[in-house]
Structure formats: structure tokens, C-alpha cells
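First comes the structure, then the notes that go with it.
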Amino acid sequence: MTQPNPLAPKEMERLRAIDRDTLWHPFTQMQGHQDEDPPPPIIVGAEGNSLIAADGRRYLDANSGYWCLALGCRPTRVEQAVVRQMSRFSQSTLLGLSHQPAIELAERLTALAGPPLSHAFFASSGSEAVEVALKMAYQYQVHCGHPERSKFLAFADSYHGDTTGCVAVGGIDIFHSTFGPLLFPVVRVDPPFGYHGPWEEADAEFVEKHANVVEDALRQHAGELAGLIIEPLVQGAGGIIPQPPEYLRRIVDAARAYDVKVIFDEVAVGMGRLGRLFAFEEIDRKPDILCLAKGLTAGVLPGSAVLASNDIYQAFKGAFSDLKTFFHGHTFTGSALGCAAALEVLDIFTEDEGAYLKRVREEVIPAFWKTLEPLRNHSLVGEVRGRGLMAGIELVKDKAKNEPFPYKDRTGHLTVLEARRRGVNTRTIADVLLCAPPLTVTSDELNTLGKVYRDSLDEVCRIIKL
Ligand SMILES: *Cc1c(COP(=O)(O)O)cnc(C)c1O
């Protein structure tokens with residue numbers, strides 16, 4: 001594997017100037033972006049679980065390239081599978097033609113997910129997968145004679161992507177409120193968010209209270225609802241908000257009772273992030289539509305999948321002139337390269353009777369939470385929450401009163417900059433500091449993460465004189 005040489009200072013300056021003047025970064029206030037200290041690293045290479053910047057510095061990636069680099073920053077086997085596919089062909093459309101990698105991936109995914117998830121539709125990103133799911137669920141209702149069932153039940157603080165349909169069902173005001181006039185209406189309910197837990201199944205009262213909210217909404221609105229969309233077990237970008245499994249079982253069963261189609265957006269939580277191939281394996285219930293992306297291709301290429309139940313698929317069949325066709329498709333629907341990457345990822349996760357994810361469940365995840373445990377006592381930390389390899393560390397101004405920092409202070413971001421100084425790349429969502437390393441994270445790297453997060457928080461305390 002060739003490693004990049006650090007760039008000459010002059011070359012680095014050139015890139016930084018273009019970055020400042022020309023490149024518009026996502027989810028980034030560009031004013032001030034380049035004045036950050038230390039400056040945003042320019043990545044030129046990667047090795048193991050670390051990114052390598054133009055100045056030669058390494059950053060342990062505690063956010064997995066935004067939750068997609070499940071197998072580390074250089075998933076060699078997946079990269080090689082893509083190269084092999086490239087030596088055959090890179091792209092051929094699924095409109096009117098078919099191709100081998102898409103066929104094989106459809107077979108693998110549906111076999112692994114099992115009935116009723118019998119059909120696979122492909123797209124390129126998580127957002128596209130969610131758009132497909134929403135349109136599929138609505139068109140299904142139309143075919144069943146219920147065009148009036150055009151709404152979705154969705155959750156406050158949910159995140160389903162950034163295209164307009166995804167934003168409509170998403171519930172993060174800071175991201176989404178600007179676009180209000182562009183969005184279709186949804187039936188919105190509060191997620192089971194209880195600051196400082198409890199998340200455990202054992203808390204029957206908590207489950208009862210929050211499941212009742214959903215059941216009431218279903219009772220009241222079922223006649224207008226095409227589907228219910230949820231990030232199962234953990235709402236990610238809303239601030240790492242976990243749900244008790246029993247809550248999820250309750251609301252899935254309730255939705256079924258009203259023939260409201262259940263869409264699981266497993267874009268973040270699927271593909272090993274929670275220690276299972278599919279998050280739904282943890283709850284003994286399956287959705288009618290399943291969205292996968294992020295880890296699906298181990299972050300090597302864009303790629304996403306939507307698995308649909310057989311009854312949904314069958315409802316779209318009809319004579320050509322019935323116009324029951326699903327009129328939806330992207331140029332890169334079923335990209336041969338993306339499919340080849342996903343097939344390799346599935347091989348890695350399923351060979352040796354699933355030994356890879358078994359180790360993640362039994363060793364990596366427990367070690368991860370053990371690493372984060374001491375942070376709970378830190379004076380800046382209100383709560384450490386999450387599931388699997390997804391943690392949110394909520395920073396608070398006053399621990400005793402759970403008082404948040406003012407949004408404008410960017411205390412979370414200050415912590416990110418301190419972590420960067422110490423060789424760790426992470427992000428925050430408001431003041432929730434993220435920790436979601438690759439599944440390949442080693443115990444040495446976990447020790448590093450624990451120490452860097454603590455030292456960074458200590459330094460922030462000093463800076464803000466708390
Ligand atoms: C990231 C994410 C999406 C959007 O996926 P993109 O590939 O960024 O479009 C959708 N849903 C969830 C839960 C996500 O975490």
C-alpha cells in the first residue's frame with residue numbers, strides 16, 4: 001500500500017486557498033471555517049483507522065467518515081473487490097437491462113433479511129433510499145385504493161437525509177425549519193427521549209408512556225397514513241437518542257394493526273453499527289420497507305438499498321397500461337461498483353458463521369462502552385448515551401441542573417478542535433459530542449479515544465473557565 005508523502009508547505013497553502021475560496025462544505029458555516037485553529041485537515045491518505053493529512057499528521061477517525069467507514073479508513077478487501085469489478089465494467093443501467101453484481105446483491109440482501117423482505121431496489125445514498133421508501137409506501141396505498149393515505153408518521157429529532165422528502169419527514173428544527181414551505185405535512189410524535197435515561201427494557205412505565213403517544217397518533221390518523229418512518233433503536237443525527245427495544249416492538253405492532261407500513265431507516269444503525277447486520281434483528285420484528293446505506297459499501301463508494309416486502313411489491317404489478325409501474329430510478333441505481341463493494345462487505349460480515357459481527361458484539365462493543373464509562377463523571381458531561389458503536393456525549397454547563405450551553409458558544413465544537421489537536425477526528429451535533437469509530441477499532445485505539453476525549457474536555461473546561 002503506498003502512503004502519501006506530506007505535501008510541501010507551498011502546495012498545502014495552494015490547496016488551502018482553493019478550499020477557502022471555492023469549495024462549499026456540507027453542513028458547514030463557511031464564514032470562519034478556514035480560520036479554525038487548528039485548521040481543518042486536508043486529507044491525502046489513510047491507513048488502518050486513521051486519516052493522514054497533507055502535513056503528515058494522522059487522525060484516528062472517531063466518526064468513521066460520518067458513520068460509513070465501518071471497516072476502517074482503508075477497507076482493503078472492499079477496495080480490491082471494486083477494482084476487480086472495474087476490470088469487468090463499471091456502469092450499466094438497470095433500466096431495461098440487468099447485471100450480475102446487482103442480481104447477486106439483491107439475492108444476498110433478501111436472503112439475509114428474510115421474508116417478507118423479498119425484493120431489493122437500489123439507489124446511491126441514504127437520502128435516496130428514504131425517498132424511494134416514502135414514494136413506494138404511498139404508491140402502495142394508492143394501488144390498494146387509498147390515495148387519501150398520503151401522510152407519514154415521523155418523529156421529532158429524527159433525521160432521514162437532506163433531499164426534500166427526507167427533510168419533510170425529518171424532525172430537526174435547526175436543519176429543517178427553513179424549508180417548511182417546501183415540505184409535505186407529517187404527523188409528528190415525540191420520541192422516547194428521557195434525558196438521563198432510562199433506556200432499558202426493564203422500565204415498563206417509560207415504554208408504556210411513549211408507546212401510548214404513538215398508539216394514540218395511529219388511532220387518530222391511521223386513515224391518512226401511508227407509513228411510519230423511524231430510525232430503529234437509535235435516532236442518530238438528532239443527538240444519538242436510543243429507544244428501548246420493547247418500545248419499538250410496541251409501535252411496530254400498533255402500526256401493523258392499522259395497515260400503516262413500517263419503514264425502518266437503518267442507514268446509520270444497520271450494517272454492523274449495532275453489532276448486527278440489521279438492527280431489526282434485535283427486536284424480533286421486521287419492517288415492511290428497510291433502508292440501508294452508509295456501512296453497506298463500507299464507505300468505499302456511494303450505494304444504498306431499499307428492501308420491500310412481497311405484498312408491497314405485488315401491489316405494483318399490473319398491465320402496462322394500468323400505470324402501476326414504480327416510476328423512480330437514479331442514474332446510478334444499482335451501480336455495478338457499489339454492488340461489488342456491498343457484496344464484499346456482506347461476505348466479510350457473514351463468513352465463518354458471522355464470526356466478524358460476533359466479535360464486534362462480544363468484544364468491541366463492551367470495550368467501547370467501558371472506555372466511555374469514566375466520561376460520565378466529567379464535570380462537562382451531562383450524559384453518555386447510545387448503543388452499539390454509536391455514542392453521544394452530551395455536554396452541559398451545569399451538571400446538577402442539566403443546564404445546556406448556549407447554542408452560540410459552540411462548546412461541542414471547541415471540544416472537537418481540542419480532539420483534533422490531539423490526533424482524533426470527531427464531530428458534534430450541537431453539544432452532543434459523537435463517538436462512532438469503525439468496527440475495526442483496536443483496544444489501543446479505544447484507550448487513545450478515552451484519553452483524548454477526557455483531555456479535550458479538561459482543556460475546554462480551562463478555556464471556558466468552568
Ligand atoms: C446519514 C443518514 C441518512 C442520509 O444518508 P445520505 O447517504 O447522507 O444521504 C438517512 N438516514 C439516516 C438515519 C442517516 O443517518
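In this text the structure is predicted, and so the values were computed from the model without any measurement.
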* To do: With sequence neighbours excluded, tell me which residues meet side-chain contact (heavy atoms from CB on, under 4.5 Å) with Pro39.
  => Arg16
* Test side-chain contact (heavy atoms from CB on, under 4.5 Å) applied to Ala154 - qualifying residues, sequence neighbours left out -> Val169, Arg188, Ile229
* **Under 3.5 Å: donor-acceptor pair, side chain of Ser127, backbone of Ser125** => no
* Using ring-ring contact (aromatic ring centres under 6.0 Å, His included) as the criterion, list what pairs up with Phe349, not counting sequence neighbours. => Tyr356
* To do: Identify whether the distance between the nearest side-chain nitrogen and carboxylate oxygen of Glu13 and Lys10 falls below 4.0 Å.
  => no
* Determine yes or no for a side-chain-to-main-chain donor-acceptor pair under 3.5 angstrom, with His99 supplying the side chain and Gly334 the backbone. => yes
* **Distance, nearest 0.5 Å, that separates CG of Asp288 from CE of Met136** => 12.0 Å
* Hey, is the main chain of Leu389 close enough, under 3.5 Å, to the side chain of Arg273 for a donor-acceptor pair? -> yes
* To do: May I ask you to test the Phe122-Leu292 pair for a side-chain heavy-atom distance under 4.5 Å?
  => no
* All pairs passing ring pair (Phe, Tyr, Trp, His ring centres under 6.0 Å) where residues 391-424 contributes a residue, at least two apart -> none
* To do: May I ask you to decide whether Arg285 forms a salt bridge with Asp253, counting only side-chain N to carboxylate O separations under 4.0 Å?
  => yes
* **Rounded distance [0.5 Å steps], CG in Leu307 versus CG in Leu112** => 9.5 Å
* **Arg77 and Glu344 ion-paired at < 4.0 Å** => yes
* Asked: Does any pair with a residue in residues 53-73 pass ring pair (Phe, Tyr, Trp, His ring centres under 6.0 Å), and if so which ones, sequence neighbours excluded?
  -> none
* Once you round to the nearest 0.5 Å, how far does CZ of Phe332 lie from OG1 of Thr93? -> 10.0 Å
* Could you verify whether a donor N or O on one side chain and an acceptor N or O on the other, from Arg420 and Ser456, lie under 3.5 Å apart? => no
* Structure fact -> What one should report as the nearest heavy-atom pair of Leu357 and Leu277 is CD1-N, 3.5 Å
* Could you tell me which non-hydrogen atom of Leu375 sits nearest to which non-hydrogen atom of Gly450, and how far apart they are? => CD2-O, 4.4 Å
* To do: Please name all residues satisfying side chain to side chain donor-acceptor pair (under 3.5 Å) with Gln91, sequence neighbours left out, ordered by chain then number.
  => none
* Do other residues, nucleotides or ligands put more than 12 heavy atoms under 6.0 Å from the CD atom of Glu353? -> no
* Asked: Does Ser98 reach the main-chain N or O of Leu94 with its side chain, forming a donor-acceptor pair under 3.5 Å?
  -> no
* Do side-chain atoms of Glu383 reach the backbone of Arg385 as a donor and acceptor pair under 3.5 angstrom? -> no
* For the atom pair OG (Ser309) and NE2 (His119), what is the distance rounded to the nearest 0.5 Å? -> 10.0 Å
* Do you know which two heavy atoms are closest between Val78 and Ala298, and how far apart they sit? -> CG2-CB, 4.2 Å
* To do: Please report the closest heavy-atom contact between Phe89 and Pro101, naming both atoms and the distance.
  => CZ-CD, 4.1 Å
* **Sequence-distant partners of Glu362, side-chain contact (heavy atoms from CB on, under 4.5 Å), two or more places apart** => Lys358
* Donor-acceptor side-chain pairing of Gln85 and Arg88 below 3.5 angstrom -> yes
* Asked: Is the side chain of Lys294 donor-acceptor paired with the backbone N or O of Met271 at a distance under 3.5 Å, no angle test?
  -> no
* Indicate yes or no for a side-chain donor-acceptor contact from Asp55 to the backbone of Arg57 under 3.5 Å, with no hydrogens or angles considered. => yes
* Asked: What ring pair (Phe, Tyr, Trp, His ring centres under 6.0 Å) pairs are there with at least one residue in residues 365-401, not counting sequence neighbours?
  -> none
* Specify the closest pair of heavy atoms between Val300 and Pro75, including all atoms of both residues, with the distance to one decimal. => CG2-CG, 3.5 Å
Would you give me the side-chain donor-acceptor pairs under 3.5 Å for residues 421-440, sequence neighbours excluded?
residue : atom : partner : partner atom : Å
Arg421  : NE   : Glu418  : OE1          : 3.4
Arg421  : NE   : Glu418  : OE2          : 3.3
Arg421  : NH2  : Asp37   : O            : 3.1
Arg422  : NH1  : Glu418  : O            : 2.9
Arg422  : NH1  : Glu418  : OE1          : 2.8
Asn425  : ND2  : Asp61   : OD1          : 3.1
Thr426  : OG1  : Leu434  : O            : 2.6
Thr426  : OG1  : Tyr453  : OH           : 3.2
Thr428  : OG1  : Ala430  : O            : 3.1
Asp431  : OD1  : Gly412  : N            : 2.8
Thr440  : OG1  : Asn49   : OD1          : 2.6
Thr440  : OG1  : Gly72   : N            : 3.4

* Could you list the residues that satisfy ring-ring contact (aromatic ring centres under 6.0 Å, His included) with Phe278, not counting sequence neighbours? => Phe280
* Structure fact -> Hits for side chain to side chain donor-acceptor pair (under 3.5 Å) against Thr163, two or more places apart or cross-chain, chain-then-number order -> Glu131
* To do: Output the distance between atom CG (Leu109) and atom CG (Leu290), rounded to the nearest 0.5 Å.
  => 8.5 Å
* **Heavy-atom closest pair, residues Ala129 and Ala305** => CB-O, 4.2 Å
* Quick one: ring pair (Phe, Tyr, Trp, His ring centres under 6.0 Å) pairs with a partner in residues 4-32, sequence neighbours left out? -> His25-His33, Phe27-Phe175
* Asked: Does any N or O in the side chain of Glu266 come within less than 3.5 Å of the main-chain N or O of Ala279, such that one atom is a donor and the other an acceptor?
  -> yes
* To do: Working to the nearest 0.5 Å, report the span between CG of Leu372 and CZ of Arg454.
  => 12.0 Å
* Asked: So, are Glu373 and Lys370 salt-bridged, with charged N and O less than 4.0 Å apart?
  -> no
* Asked: Hey, does the side chain of Thr333 reach the backbone of Gly329 with a donor-acceptor pair shorter than 3.5 angstrom?
  -> no
* **N/O donor-acceptor pair under 3.5 Å between Gln243 side chain and Leu233 backbone** => yes
